[in-house]
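Take a look at the structure set out below.
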Amino acid sequence: MVISNDITHVVLTGGIGSRLWPLSRKSQPKQYLELFDGQSLFEKTVARNENVSNKTIVVGNIENYKMSNTIMLKFNKPFTHIVEAIPRNTAAAIAFAAFASKPEDVLLITPSDHIIEGSDLYDSALKQAIALANQDYLVTFGIKPTKPETGYGYIEFDDENVIAFHEKPNLETATTYLENGNYFWNSGLFCFKSGAFLTELEKQEPEVYTTSKLAWEANKKGFLDYELSLKIPSISVDFAVMERSTNIKVVPTHFDWSDLGSFESVYDYLVHKGHPTDVSGNIVIGTAIHTSFVGLENCLLIHTDDALLVLQKENSQEVKQVYQQLELLESPLL
């Protein structure tokens, strides 16, 4: 893929992956787990975009700093590491990367914990997005729904124009979206010039813009000040900018995509890759101990040294409730 000299890959490494507990922990979130062809999702993300951009900015929190550095050193290329003192959500995280860039630099924003397969289709979508970004549009990527998913936000569209963004729906609403045919899953991937994003952020959320700018200007070798960071409102980029701007375009994508945000998506990915199942579609993750499922279908048993989780695949979103209960108990299992 031919690139310009001004395309920067911004890797967002925040997030714990609470729906993947007990595999994903605060000490090792899902993007660092080497579950996927012997690589972590973080490593796959950087490798996927290595030939798309000529610069890389990693934005993450202080807890993930060493893990991110260890992976980035494998690539033996210079990169910028912005280390948040405290997570302030994606609007601020992207603002830091934009402040660290030139106004005309095109930023390709990707989470570090997604699976994308189909490199030619991926490159084609990026070319389209970069062309739109160079026209000063803020670009998001839409994923064609394959089922009435309740765990994703949706983008209502007409061609490349965004009609509206919709929060995670209930099953009935998600089914209607699927039937209507003009709704994408919201991928969390973005592309825009850094200056265009900052202009829109200042317009829509001036407090986020100002406090993020102050925190960035006081950074010490990429490390952000805790007290200044606390003053930044914690707002997602979707709410702060994408859902409110009139300058948005959406690129429809055709590559295979999953945010692996639940054990249902992990199950589907592993089975697709040949992970062993029993005759009823049950799988085991994390142990070679013989396990038999009796009277159960499409279940997962997840084993770690200190925890066991057994769940029906279709109830994967409810794992977050287990995580929240453990948080209330201040459990060391997190």
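- When only modelled atom types and interatomic distance are considered, Thr110 and His9 share a side-chain donor-acceptor pair under 3.5 Å.
- Remark: side-chain polar atoms of Thr211 are paired, donor with acceptor, to backbone N or O of Glu207 under 3.5 angstrom.
- Nearest heavy-atom pair, Ala307 versus Arg25, reported as atom, atom and distance to 0.1 Å: CB-NH2, 4.0 Å.
- Side-chain contact between His114 and Thr45: absent, with no pair of heavy atoms (C-beta onward) separated by less than 4.5 Å.
- Within 6.0 Å of the CD atom in Glu330, the count of heavy atoms belonging to other residues, nucleotides or ligands does not exceed 12.
- Heavy-atom neighbours of Phe239 CZ from other residues, nucleotides or ligands within 6.0 Å: at or below the threshold of 12.
- With ring centers used as reference points, Phe157 lies under 6.0 Å from Phe184.
- The minimum heavy-atom distance between Leu41 and Lys30, with the atom names listed, is CD1-O, 4.1 Å.
- Salt bridge status for Lys147 with Glu149: present, with a side-chain N to carboxylate O gap under 4.0 Å.
- Annotation: side chain of Val10 is in contact with side chain of Val59 (closest heavy-atom distance under 4.5 Å).
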Verdict with supporting geometry, Ser292 and His290, side-chain hydrogen bond (donor to acceptor under 3.5 Å, both in side chains):
CA-CA 7 Å; Ser292 296; His290 176 77; 3.0 Å; yes
Evaluate side-chain contact (heavy atoms from CB on, under 4.5 Å) for Ile302 paired with Leu308, printing each intermediate quantity in order.
CA-CA 6 Å; Ile302 297 94; Leu308 278 173; over 6 Å; no
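- Defined by atom type and a distance below 3.5 Å, a donor-acceptor pair is present between the side-chain atoms of Asn186 and Asp238.
- Counting only distance, with no hydrogens or angles, the side chain of Asn219 and the backbone of Ala215 share no donor-acceptor pair below 3.5 Å.
- A side-chain donor from one of Tyr152 and Asp259 sits under 3.5 Å from a side-chain acceptor of the other.
- Enclosure of atom CZ in Phe75 by more than 12 non-hydrogen atoms of other residues, nucleotides or ligands within 6.0 angstrom is indicated.
- Between the side chain of Thr176 and the backbone N or O of Glu172, at least one donor-acceptor pair lies under 3.5 Å.
- Between Ile109 and Phe192 there is a side-chain heavy-atom pair separated by less than 4.5 Å.
- Between Gln128 and Pro252, the closest heavy-atom pair is NE2-CD, 4.2 Å.
- Looking at Glu200 and Lys193, no side-chain N of the basic residue comes within less than 4.0 Å of a carboxylate O on the acidic one, giving no salt bridge.
- Relative to the ring axis of Phe263, Arg19 does not place its NZ or CZ within 45° and under 6.0 Å from the centre.
- At least one donor-acceptor pair closer than 3.5 Å links the side chain of Asn247 to the backbone N or O of Asp136.
- A pairwise comparison of heavy atoms in Ile130 and Val106 identifies CG1-CG1, 4.5 Å as the closest pair.
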Before giving the answer on side-chain contact (heavy atoms from CB on, under 4.5 Å), spell out for Glu314 and Asn298 the whole-Å C-alpha distance, their side-chain angles and the decisive distance to 0.1 Å.
CA-CA 8 Å; Glu314 290 77 14; Asn298 299 326; 4.2 Å; yes
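- Formation of a donor-acceptor pair under 3.5 Å by the Arg88 side chain with backbone atoms of Pro233 is not found in this model.
- Within the 4.5 Å cutoff, side-chain heavy atoms of Asn61 are placed close to those of Pro87.
- Within the 4.5 Å cutoff, the side chain of Leu12 has heavy atoms near those of the Thr90 side chain.
- A donor-acceptor pair under 3.5 Å is formed between the side chain of Asn282 and the backbone N or O of Leu296.
- Checked against a 6.0 Å centroid threshold, the rings of Tyr65 and Phe223 count as neighbours.
- Scanning both residues, Ser212 and Phe99, for their nearest heavy atoms gives C-CE1, 3.9 Å.
- Annotation: Tyr323 is not in aromatic contact with Trp21 [ring centroid separation under 6.0 Å not met].
- The closest side-chain donor-acceptor pair between Ser40 and Glu34, if any, does not fall under 3.5 angstrom.
- Side-chain atoms of Thr304 and Asp306 form a donor-acceptor pair, as typed in the model, at a separation below 3.5 Å.
- Between Lys26 and Glu63, no side-chain nitrogen of the basic residue sits less than 4.0 Å from a carboxylate oxygen of the acidic one, so the salt-bridge criterion is not met.
- Residues Lys77 and Glu50 are paired through a salt bridge, judged by an N-O separation under 4.0 Å between the basic side chain and the carboxylate.
- Between Val139 and Val251, some side-chain heavy-atom pair lies under the 4.5 Å cut-off.
- Environment of CG in Asn180: crowded, with over 12 heavy atoms of neighbouring residues, nucleotides or ligands closer than 6.0 Å.
- Distance alone, capped at 3.5 Å, places no donor-acceptor pair between the His303 side chain and the Leu309 backbone.
- Checked for salt-bridge contact, Lys55 and Asp6 miss the test: no charged N lies under 4.0 Å from a carboxylate O.
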Walk me through it: do Glu297 and Lys313 pass the test salt bridge (Lys or Arg N to Asp or Glu O under 4.0 Å)?
CA-CA 9 Å; Glu297 295 181 355; Lys313 181 180 78 165; over 6 Å; no
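- A donor-acceptor contact under 3.5 angstrom links the side chains of Tyr32 and Ser68, judged on distance only.
- Remark: the backbone N or O of Ile289 is paired with a side-chain donor or acceptor of Thr291 at under 3.5 angstrom.
- Lys249 and Asn161 are linked by a side-chain donor-acceptor pair at a separation below 3.5 angstrom, with hydrogens and angles left out of the test.
- Residue-environment remark: CD (Glu167) stays at or below the threshold of 12 foreign heavy atoms within 6.0 Å.
- Counted by atom type alone, Thr173 and Asn170 present one or more donor-acceptor pairs between their side chains at under 3.5 Å.
- In this structure, the side chain of Asp105 engages the main chain of Lys102 through a donor-acceptor pair within 3.5 Å.
- Of the possible donor and acceptor atoms, one in the side chain of Gln31 sits under 3.5 Å from a partner among the backbone N and O of Thr13.
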Quick one: do Phe42 and Met72 satisfy side-chain contact (heavy atoms from CB on, under 4.5 Å)? Show the steps, please.
CA-CA 9 Å; Phe42 184 108; Met72 291 304 299; 3.7 Å; yes
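- The line from CD1 of Ile82 to CZ of Phe79 is 11.5 Å long, rounded to the nearest 0.5 Å.
- Contact detail for Tyr154 and Pro148: the closest heavy-atom pair is OH-C, 4.0 Å.
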Take Asp225 and Lys231 through the salt bridge (Lys or Arg N to Asp or Glu O under 4.0 Å) test and state the conclusion after the steps.
CA-CA 10 Å; Asp225 180 79; Lys231 297 177 181 178; over 6 Å; no
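- Under the 6.0 Å cut-off for aromatic ring centres, Tyr183 and His166 qualify, their centroids lying closer than that.
- No hydrogens or angles considered: nothing links the side chains of Gln312 and Asn315 as a donor-acceptor pair under 3.5 Å.
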When you look at Lys213 and Glu202, which way does the side-chain contact (heavy atoms from CB on, under 4.5 Å) test go after all the steps?
CA-CA 10 Å; Lys213 188 171 189 288; Glu202 186 176 21; over 6 Å; no
